[in-house]
Amino acid sequence: MEQKVMDPTVEKALEQFKALDEKITHFSSIIGLADWDQKVMAPKKGRSMFAKAAGTLRTEVFKLSVSQEMGDLLDTLLSNEKTEGLDEMTKAKVREYKEYYQKSKSIPADLFQEYSILTAQANDAWEEARENNDFARYLPSLEKIVEYKRKFAEIYGYEEHPYDALLDEFEPGLTVKKLDPLFAKLRESSVKLLERIKKNGKPTKVEIFDQSFEIEKQKEFNRFILPIIGFDMNAGRMDETVHPFAQTVNTGDVRLTTRYLEKNVRSALFGTIHEAGHGIYEQHVNPAFEESVLQSGASFGIHESQSRFLENMVGRSKEFWKYFYPKLQEYFPNQLENVSVEDFYRAVNTVQPSFIRVEADELTYNLHIMLRYEIEKALIGGEIEAKDLPAIWNQKMQDYLGVTPNTDTEGVLQDVHWSFGGIGYFPSYSLGNLYAAQILRTIQNEVPEFNNHIENGRFDLIQEWLKEKIHQYGKLYTPNELIVRVTGEELNADYLVEYLEKKYTEVYEL
Ligand code: ZN
């Protein structure tokens, strides 16, 4: 084969680009470690100083990402004829940095400064407002955040809807035009299914969870299942925090956290499986992508698909509990001795409309997201104003879930996201469910006896498939490219709709 001779300017740029990418990634991994330390280990009194130190490092990383050097390198590598010789990996890195560079550069420095101050204050306002059920305390900050986000959307640019510019930050390439029909289908079918469950569903024995489960034993059980479901304990660890999360230092050091509650055994159990889904993804990224911007997952939505696949589609399946339930009974004989595996399986799949998103079940969870999506879209589109949110929120809760929050604390004030400017973030959660169901269909076709593997505790075969098809690629492909490569088609809501329909028809004997 003829060897292409590379332009020496490009060759040199490639070398410098690789070094710069490595430097940014190294700093970012130290920042990740510092974040983990603040949340998990740091004593309270040291936290504010520590936050400042991490902030300084974060600013340096930002400067590197938008530096003149980065701009020049991107220019050289992007100039059309020359980039044809670039390999797939470099092209993907250029794509990632270019996106960030252009967006960051497009916001005038003073505007960005004002916005940073605003979000810091908004977070305090939100905390106080939530604590005191006082939406008015939060409203001025929220109004300003919406105003800034509308400005940013105009600056970033969009083709059809200003909200597209914000969605793109979390799920590259996603638009209102693509999302509207997906979410509409899911919302309509979920509302109907919920109605049927309420009317004709055979109640589950959810009361089995109204018991104390010793925390020490919960810890042991969680540590017992983690390696079996595929988390490599030699390349990670698990600790405790109030808000569970997964943090990657590098592919050989992925840290999970969980939260144990004596009166709620489900919290740690499914929280751990969820975070393990995120963690296993990161452990499986191709080592060739390490020390580069590609070492993380494809997008928020794809990442969430991996945690939800493991938590819901595997972790709440009958096969999963056929394997693990006898063991769980050994840990908790007093609580579970007289509960059958069938009753336990039905109980972990109980549908119960509630006010709080993070406590929602697998079916109603998406309705919480639809409501937030519709509100964000209308806010950024200028169809509604922040002051109208409590009323709109409560109306949608009633329409979709059939419940109305008693207070704004249980309603519009429950989530932190808007206070840090995270408008466009929420749809990722439901996208994760949509991707996961589509991936489930494919894996069931491609891995013979998929369900039997779960029932026999053979998670290695499933994880191998996920690694080969999804995990190893890190950020190499855009989310849309990836889902098409894996499943042969673009994202389609039918798979989740059918999955939910089938699951709950069985669980509730509809
Ligand atoms: Zn998650």
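First listed ligand is number 1; within each ligand, the first listed atom is number 1. Quantities reported herein were computed from a predicted structural model and do not represent experimental measurements.
- Restricting H274 to its N, O or S atoms, the one at the least distance from the Zn ion (ligand 1) is NE2.
- Residue contact annotation: H278 places an N/O/S atom under 2.8 Å from the Zn ion (ligand 1).
- Smallest separation of non-hydrogen atoms from Q38 and A42: CA-CB, 3.9 Å.
- Salt-bridge formation is not detected for the pair K318/E455: no Lys NZ or Arg NE/NH1/NH2 atom is positioned less than 4.0 Å from an Asp or Glu carboxylate oxygen.
- Between K103 and E99, at least one side-chain N (NZ, or NE/NH1/NH2) sits under 4.0 Å from a carboxylate O, which counts as a salt bridge.
- For E304, the N, O or S atom with the smallest separation from the Zn ion (ligand 1) is OE1.
- Between E490 and K178 there is no salt bridge, since no side-chain nitrogen of the basic residue lies less than 4.0 Å from a carboxylate oxygen of the acidic one.
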